[in-house]
Amino acid sequence: MENWTHDFNIGSMVRTANAFQAKRVHIVGPHKWNRKGALMTELYQHVENHPSITELVECWKLRIAGEIAAAQSQASAIALHMHENAKSGHGAGMDDAASLNEGRATECAPAGNSMDISTACRAENGNKLAYMTQLAAIDQRIAELKAARVIALDIIPGAVPMETYRFPKRCLMLFGAEGPGLSEKALELADDVVYISQFGSVRSINAGAAAAVSMHAWIAQHAAPQS
């Protein structure tokens, strides 16, 4: 939220962010804002202040880059662990299993060993499946992070209607203050500009309502309904 006018909508936006589990609320400009509309949710909702829209976007992009690097490091650690397991006794165990099975064919297998090897093989296969599942989840997370976008909410020429827009899993939504709207710099830094279709005589709904509609649009696309 670009808070150039101590906007009264910020409290409502913090409350909405809490309702829809947004990770953070970012306030650009003056720290002062009316907390009545937040209904105390500011006490347990992450609220960050930034001196400029440029600093906010740079900070957010660095956070995304850091999460990508952390996920890639985690994937590398799992892959290395799998490689080390293959080189260690687990690989030898598979060779031993093959030899014992051959021994059983000639009725020369030592008593009791076939069951032990079979159990070890099943355990190893289970571990490998667990590792592969973890890697798949990490790959999906990295893909979501790489698709992250900065989205400005404003009615300007070239903007995309929200009703047809597919929100990425990770995004930073930019809202302007009541009246002046988003700054030119905010629109310049945005990857996409999205507007809420309206059909009445007024040009726009207030910023608090726009934030609620936008966050719910994200929820409708990404969150599973609660039973």
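The first residue of the sequence shown is numbered 1, and numbering continues consecutively from there. These numbers come from a predicted model, not from an experiment.
The aromatic rings of Phe167 and Tyr165 stand perpendicular to each other, their planes meeting at an angle above 60°, with 30° marking the opposite boundary. Aromatic ring pairs are classed by plane angle as parallel below 30°, tilted from 30° to 60° and perpendicular above 60°; the pair His26 and His50 is tilted.
Rounding to the nearest 0.5 Å places OH of Tyr131 at 14.0 Å from NE2 of His83. Atom-to-atom distance recorded for Leu56:CG and Leu172:CG is 5.0 Å, nearest 0.5 angstrom. Rounded to the nearest 0.5 Å, atoms CZ (Arg35) and OG1 (Thr41) are 10.5 Å apart. Summarising the geometry, atom CD belonging to Gln134 is positioned 9.5 Å from atom NE2 belonging to His81; distances are rounded to the nearest 0.5 Å. Rounding to the nearest 0.5 Å gives a distance of 10.5 Å between CG of Asn18 and CG of Leu43. The CD1 atom of Ile10 lies 9.5 Å from the CG atom of Asn34; values are rounded to the nearest 0.5 Å.
Residues Tyr195 and Ile155 approach most closely at CB-CG1, 3.8 Å, considering heavy atoms. The two residues Ala217 and Met162 make their nearest non-hydrogen contact at CB-SD, 3.6 Å. Between Val28 and Ser52, the shortest heavy-atom distance links the atoms CG1-C, 3.5 Å. Contact record, Ile151 with Pro168: CD1-CD, 3.8 Å, taken as the closest heavy-atom pair. What you find for Ala209 and Asn206 is that their closest heavy atoms are N-OD1, 2.8 Å. In this structure, Thr16 and Ala212 approach most closely via the heavy-atom pair CG2-CA, 3.6 Å.
The side-chain heavy atoms of Val194 and Pro161, taken from C-beta on, include no pair separated by under 4.5 Å. Here the side chains of Lys169 and Trp218 are in contact, with some heavy-atom distance below 4.5 Å. Counting heavy atoms from C-beta on, the side chains of Met82 and Leu135 come closer than 4.5 Å. Using a 4.5 Å heavy-atom cutoff, the side chains of Ile68 and Lys146 are in contact. Put simply, the side chain of Val150 does not reach to within 4.5 Å of the side chain of Leu189, judged on heavy atoms. Two residues are said to be in side-chain contact when any heavy atoms from C-beta on lie closer than 4.5 Å; Asn9 and Trp33 fail this criterion.
Both Val14 and Ile219 sit in one connected hydrophobic cluster of ILVMFWY residues. Membership requires side-chain heavy atoms under 4.5 Å apart, directly or through other members. Hydrophobic cluster membership differs between Ile196 and Leu187, with clusters built from Ile, Leu, Val, Met, Phe, Trp and Tyr side chains linked at under 4.5 angstrom. Ile205 is not connected to Leu182 by any chain of hydrophobic side-chain contacts under 4.5 Å among Ile, Leu, Val, Met, Phe, Trp and Tyr, and they are in different clusters. Linking Ile, Leu, Val, Met, Phe, Trp and Tyr whenever their side-chain heavy atoms come within less than 4.5 Å leaves Val25 and Ile53 in two separate clusters. In this structure, Leu174 is not a member of the same hydrophobic cluster as Val47, with clusters built from ILVMFWY side-chain heavy atoms closer than 4.5 Å.
Judged by distance alone, the side chain of Asp154 and the main-chain N or O of Ile156 form no donor-acceptor pair under 3.5 Å. At distances below 3.5 Å, not a single donor-acceptor pair connects side-chain atoms of Glu144 with backbone N or O atoms of Arg170. Judged by distance alone, with hydrogens and angles left aside, the side-chain atoms of Ser73 form no donor-acceptor pair with the main-chain N or O of Ala69 at under 3.5 Å.
A salt bridge links Lys185 with Glu188: the closest approach of a Lys/Arg side-chain nitrogen to an acidic carboxylate oxygen falls below 4.0 angstrom. In this structure, Glu42 does not pair ionically with Arg15, as no charged nitrogen and carboxylate oxygen lie closer than 4.0 Å. With respect to Glu48 and Lys23, no salt bridge is recorded, no charged nitrogen being found less than 4.0 Å from a carboxylate O.
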Exercise for the section: With side chain to side chain contact (heavy atoms under 4.5 Å, CB included) as the test, would you mind laying out the steps for Glu67 and Ile142 before giving the verdict? Expected result: CA-CA 8 Å; Glu67 290 184 30; Ile142 291 172; over 6 Å; no
Handout entry: Val160 and Val193: CA distance, side-chain angles, deciding distance, side chain to side chain contact (heavy atoms under 4.5 Å, CB included) verdict
Key = CA-CA 6 Å; Val160 178; Val193 182; over 6 Å; no
Exercise for the section: Begin with the C-alpha distance, continue with both residues' side-chain angles, and end with the deciding distance and a verdict on side chain to side chain contact (heavy atoms under 4.5 Å, CB included) for Leu153 and Met173. Expected result: CA-CA 7 Å; Leu153 279 299; Met173 296 183 186; 4.0 Å; yes
Problem - Criterion side chain to side chain contact (heavy atoms under 4.5 Å, CB included) on Met13 and Phe175, from CA distance to verdict - result: CA-CA 10 Å; Met13 294 171 73; Phe175 300 95; 3.5 Å; yes
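Surrounding CD of Glu163 are more than 12 heavy atoms belonging to other residues, nucleotides or ligands, all under 6.0 Å away.
The distance between the ring centers of His216 and Phe20 falls below 6.0 angstrom.
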